[in-house]
Amino acid sequence: MTMKAWIRSPFSLALVAMLGVLGACTKKAGVDATTIRMRLPTDPPSLDWTLATDNVSKEVLQNIQDGLIEHDVDMKVRPSLAASWTISPDGKTYTFKLRKGVKWTDGQELVAQHFVDSWERLLAPATASEYSYFLFDVVNAEGYQKGEIKDFGQVGIKATDAETLVVTLKVPAAYWIHIPGFWVTYPIRKDVIAQHGDKWTQPANMQTLGAYRLKAWEHDSKLVLEKNPTYFEAEAIAGAPQNVEFRVVKEESTAVTLFEGGQLDIVRDLPPSQVPTLANMPEFISTPYLRSYYVGFHVKNGQVADRRVREALALAIDRNEVAKVLPKMVTPESSWVPPGMIAYNSERGIKHDPVKAKAIWDSIAKKPATIDYWFDTRERNKLVAENLQNQWKRTLGVDVKIQNQEWKVYLKFLEKSPPAVFRMGWGADYPDPDNFLNLFTCQSGNNHTGFCNATYDGLLKTASGSQNEAERIKAYDQAQKILLEDEIAIVPLFVEANLHLVARRVEGFRPNNMGDFYFRNLRLK
Amino acid sequence: MIRLFKSLLSGLLTLLAVSFLTFVLMKLVPGGPFDGDKALPPEIIAQLEAKFRLNLPWYEQYFGYIQNLVLNGDFGPSIKQIGRSVGEIIAQSLPVSLELGFYAITLSVLVGVTLGVTAAIHRGRWPDFTAMIVAISGISLPSFLVAALAILVFARYLGILPAALWDGPEHRIMPAIVLGLRPAAILARLTRSSVLEVLHLDYVRTARSKGLPPRTVLYVHVLRNAFIPVLTVLGPMTATVLTGSFIIEYVFSIPGLANHFIQGVTNRDYPLIMGVTLLYATFLVAANMTVDLLYGVIDPRMKETVKA
C-alpha cells in the first residue's frame, strides 16, 4: 500500500475523525468557589438512617441530619439537637431537653416525638434494621425488637412533652451517652415515610434538619447537597460551602488522578501502594483513627491451645517491622483499647522479645509442626501475613501456612471452623473501651477466638455500670490484661490512620478519631 | 417461521437453565448478605431473612422469584441497596453501559474490519505487519493496563481528556476506545484470516478473470463471504460489550451495569446477581439469535440448507 492509498483508506479517515472529536471535546473545567467536591467510594447504599449500616452513607447522613449529641474533633460529646441532658444518680435514666426552634426542611418544628418515632421504627421487628441492637440497653427494647413485647409503651423511651425525651436503661451503662450520636438514632418524620414509602429518601421527598439538605442524587454517579436555609445555626455557618458534590469514584487511583487534576477536593482511602509517594504532597493529611488490627488465636485449636505457643508467637512479633510493610498507614500498638480512649495503656499487651520467645518455644515438648494463619483477601493483609510468617520462621523456626479467602467466605469460615491463627480488625462505633473489649465476651458474635472468661465478662459489666471514670479505667485495664497477657487470645498489631488528600483551597478540615467531619465547619478559599 | 419459533423456544430454555444454575451457584457460595465485620444478633438475621424471603426452602425461593419475574416483570428488591429495586438499578445503569458499548462496538467494527482487510490485501508487507502488531497488542494487553496507560497519557500528561467520570461527551472518548480495543483486535485478526481464505476461492478468481475492478471484487464478492465468521463472533461480542465491562466502568468511574454485577456478588445481593445475570444471558441469547437470522441474509446457502 502506498502512502497515498493509505491516506485514502477508510482506516485513516476513521483516525482523522477520532482525532477531530478529541480536539473538539477538549476543555478545562473551571473550579466553582461555592462547591466542595468529595469522593465517595460507592453509591451510598441507603440514606434511610434507620437502615444504613456503612461509612459511605454515614458520610452523607451526618451532614444532612443531626442527632441528640455529636462528637467534636477531640471526641468530646457535645450537644447537637439536645440542648442539655441529665443522667439520674443510678445512671439509668437519661433526660434530654431539646434545642428550641429547630425546624425540618419543610418548616415543621422538631419535637421529642420525632425521636420516639425514629426509635420505635428502629426497633420494630418489621423494619429489620441491622443496627437496632444499638438500643438494646434501653428497658424492653430488645424484647420489643424480638417481638416478645408488642406494646412500644413498655419500652423505656418516652416523650414527656414536646421538648423532653426520657430514656430508661436496663442497667447503668456509662458509654450510653455516645449512642444518641449514632446515625440510626437520628429523629425521623413518620408522616414523610408514610407518604412516600421506601422512596422517602429521594431528594424531592426527604425531610431533614441538618446543615445541608439533599439536592440531587444520580445513583452511582453523584450526590449533591446544598446548604439548608432552615438550619438552626444557619448564620453561624454562613461561610461554609454552599454546595457539596459527592462523586462516586470506585477506583482509588482514579480518585487520586481526579484530585490531582483539580476535579476533587477531598479524597479518602488512598491506594496503599501510592501512599508513600502521596505522603510527600502538601495536600496529604493523616489523622488518628479508632481502628485496630489484631492477630487472633483460637484458644481451643490444637495448634495454639497451649498458652505457651501463643505466648511464644506473640513475643516473636516485632510490630515495628510489621508496620514497615504498610508505611505511613499504621502505628504499631500493643494495647487493644486504642489511643484516644480512656483506659488506653501503651504498656498493655505482649511486647517483642525474640530471646524469650525462642526460650519458651524450645521448652514446649509438643510443638505444632505447622501453624495455619488465615486472612481475608486484600493486599495489605497479605503483606502483614507474609511478614508475620517470615518473623515466626526466623525467630521460632516454625512453618506458618498462610491462606486467604474472599471476605464473606472468610467471615463464614471464622464462624463455622475458626483456624488456629487469623487476622481481624475493629473500628469504633462509639469512642468507649466497651465497644472494643465487648468483642471478646462469651456471648459476642464477633468473638472468633473461643476465649470465654467469666472474670473478663464481669469486669466489663462493672466498668460499664460505673459512673466513676477511675473505677472504669481500672476495670478495663484488668480486662485487657486478661485478654492480652494472661490468656493471650489476641495480639493487637497496630492502629490505622485515616488518610486523605485535601485541596489547599479547603480550610478547617479536621476529622475526629472516628473519621467524622462536617462540611459546615469547612471554608473554601 | 418455524425456525424462528424453535430459536425462541431454545432461547427461553437457555434462560431458564441460566437462572437455575445461577441461583444454585450463588446459594452455594459461603457467606450471606448479612455477614459483615459486625456480627448481628441471630434474631435480627432471622428478621432480615424473613423480610427478603431467604428463610423459605430454596425451591420456594427460586420458583417464587421466577413467578414474580414472569408474571409481574419484577426482579425483586436489592438487599444491599436499600429502597432500590433491581429493576430500577438496571433501568438506571443499563442505558449507560449500552451507550458506552455502542460506541465501543461501532469503533471496533470500523477499526477492526478496516485493519483486517488492509492486512489481508497487503499480506506479508508493512501494512499487514503494522495492523497485526496493533491487533496482537490489543488482544494481549489487559484492559486495566490500557485504561491506566490511557489515563496517564491523555489525562495526566497531555491533559486533553478527562481522567474519569461520565459527565459530558468528552468523558465518553477514552473508555469507548479502551473498551473497543480488544474487540477491534479480535475482529481485525479474524477478518484478515477470513479474507485471505476467501481470496483464494475459485469464484474470486472468476470475478477477477472477468476483469472486474479489484475494489468491486473486494467489497462485493470477497467481503460478503468473509464476513460470515466475523458475524459469528460479533454476536456474542456485541452482547458482552453492550452489557458493560467491569474493569472499564471501575477504572473510569462509569455508572454502568457491570459494576452492579460484581458488587452484587461481593455483597451476596442475591436478587441483584439474578437480575443482572439473566439480563446478560438475555442479551447473549438475543445476539446469537440475531446472528442466526442474519446468516440467511448474508449467505443464501444457509437459507437453502434450512429449506432442504
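Because the structure is predicted, anything quoted here is derived from the model rather than measured. The basis for the numbers below is simple: all heavy atoms, side chains too, and nothing from hydrogens, waters or symmetry mates. In what follows, chains are A, B, ... by sequence order, proteins preceding strands, each numbered from 1.
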Q: Between B:Ile151 and chain A, with a heavy-atom cut-off of 4.5 Å, which part of the residue counts as in contact: side chain, backbone, both or neither?
A: side chain
Q: Between A:Thr254 and B:Phe252, is any pair of side-chain heavy atoms under 4.5 Å apart?
A: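 SC-SC contact between A:Thr254 and B:Phe252 ruled out.
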Q: Is A:Glu218 in contact with chain B via its backbone, its side chain, both, or neither, using a 4.5 Å heavy-atom distance?
A: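 Neither the backbone nor the side chain of A:Glu218 comes within 4.5 Å of chain B.
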Q: I need the residue from A:Asp376, A:Thr127, A:Leu258, A:Leu414 with the largest number of non-hydrogen atom pairs under 4.5 Å to chain B.
A: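 The residue among A:Asp376, A:Thr127, A:Leu258, A:Leu414 with the greatest pair count is A:Leu258.
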Q: For A:Trp407, is it the side chain, the backbone, both or neither that has a heavy atom under 4.5 Å from a heavy atom of chain B?
A: side chain
Q: Side chain from CB out, backbone as N, CA, C, O: work out which of these in A:Leu51 comes under 4.5 Å of a heavy atom of chain B, or both, or neither.
A: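 Both parts, heavy atoms under 4.5 Å.
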Q: Which region of A:Ser57, side chain (C-beta onward) or backbone (N, CA, C, O), has a non-hydrogen atom less than 4.5 Å from a non-hydrogen atom of chain B, or is it both or neither?
A: neither
Q: Side chain, backbone, both or neither: which part of A:Glu406 has a heavy atom under 4.5 Å from chain B?
A: side chain
Q: Give, as side chain, backbone, both or neither, the part of A:Val409 having an atom under 4.5 angstrom from any heavy atom of chain B.
A: both
Q: Applying side-chain contact (heavy atoms from CB on, under 4.5 Å), run through A:Val249 and B:Leu165 and close with a yes or a no.
A: CA-CA 8 Å; A:Val249 180; B:Leu165 303 176; 4.0 Å; yes
Q: Can you confirm whether B:Arg189 is buried at CZ, in the sense that more than 12 heavy atoms of other residues, nucleotides or ligands lie under 6.0 Å from that atom?
A: no
Q: Going from OH on B:Tyr250 to CD on A:Glu251, what distance comes out if it is rounded to the nearest 0.5 angstrom?
A: 5.0 Å
Q: Please classify the contact of A:Phe136 with chain B as side chain, backbone, both or neither, using a heavy-atom distance under 4.5 Å.
A: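 The side chain, not the backbone.
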Q: List for me each residue that meets ring pair (Phe, Tyr, Trp, His ring centres under 6.0 Å) alongside A:Phe182, sequence neighbours excluded, and say none if there are none.
A: A:Tyr131, A:Phe134
Q: Given heavy-atom pairs under 4.5 angstrom as the criterion, report whether the side chain, backbone, both or neither of A:Asn446 touches chain B.
A: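 Contact with chain B: backbone and side chain both.
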Q: Any heavy-atom pair between the side chains of B:Gln47 and A:Pro125 that's under 4.5 Å?
A: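 Of all side-chain heavy-atom pairs linking B:Gln47 with A:Pro125, at least one is under 4.5 Å.
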Q: With a 3.5 Å cut-off and sequence neighbours excluded, list the donor-acceptor pairs that the side chains of residues 29-40 of chain B form with protein atoms.
A:
from	atom 1	to	atom 2	distance (Å)
B:Asp35	OD2	B:Gly32	N	2.6
B:Lys38	NZ	A:Gly427	O	3.4
B:Lys38	NZ	A:Asp429	OD1	3.1

Q: Look at A:Lys146, A:His219, A:Gln145, A:Lys199 and state which one has the largest set of heavy-atom pairs under 4.5 Å with chain B.
A: A:His219
Q: If you compare all heavy atoms of A:Thr257 against all heavy atoms of B:Ala163, which two are closest, and at what distance to 0.1 Å?
A: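 The pair with the smallest heavy-atom distance is CG2-CB, 3.7 Å.
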Q: One pair to check against salt bridge (charged side-chain N to carboxylate O under 4.0 Å, His left out): A:Arg247 and B:Asp167. What are the steps and the verdict?
A: CA-CA 11 Å; A:Arg247 297 304 309 241; B:Asp167 295 345; 2.8 Å; yes
Q: Heavy atoms, side chains only, cut-off 4.5 Å: are B:Ile82 and A:Pro45 in contact?
A: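 Not touching, per the 4.5 Å side-chain cut-off.
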Q: Are any non-hydrogen side-chain atoms of A:Asp43 and B:Arg84 less than 4.5 angstrom apart?
A: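 Yes, close enough: below the 4.5 Å cut-off.
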Q: Taking non-hydrogen atoms and a cut-off under 4.5 angstrom, which of residues 86-98 of chain B neighbour chain A?
A: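 Within residues 86-98 of chain B, near chain A: B:Glu88, B:Gln92.
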Q: Which distance, rounded to the nearest 0.5 Å, do you find between the CZ of A:Arg39 and the OG of B:Ser253?
A: 8.0 Å
Q: Which residues, numbered in order, of residues 256-270 of chain B come under 4.5 angstrom of chain A by heavy-atom distance?
A: B:Asn259, B:His260, B:Gln263, B:Thr266, B:Asn267, B:Arg268
Q: Give, as side chain, backbone, both or neither, the part of A:Lys408 having an atom under 4.5 angstrom from any heavy atom of chain B.
A: both
Q: So, for A:Ser132 and B:Ile44, which heavy atoms are closest and what is the spacing to 0.1 Å?
A: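 It is OG-CD1, 3.2 Å.
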Q: Measuring heavy-atom distances to chain A, does B:Lys51 have an atom under 4.5 Å in its side chain, in its backbone, in both, or in neither?
A: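 The side chain, not the backbone.
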Q: Which bit of A:Gln443 is near chain B, if near means a heavy-atom gap under 4.5 Å: side chain, backbone, both or neither?
A: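 No part of it gets close to chain B.
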Q: Chain B heavy atoms under 4.5 Å from A:Ser444: which part of the residue, side chain, backbone, both or neither?
A: neither
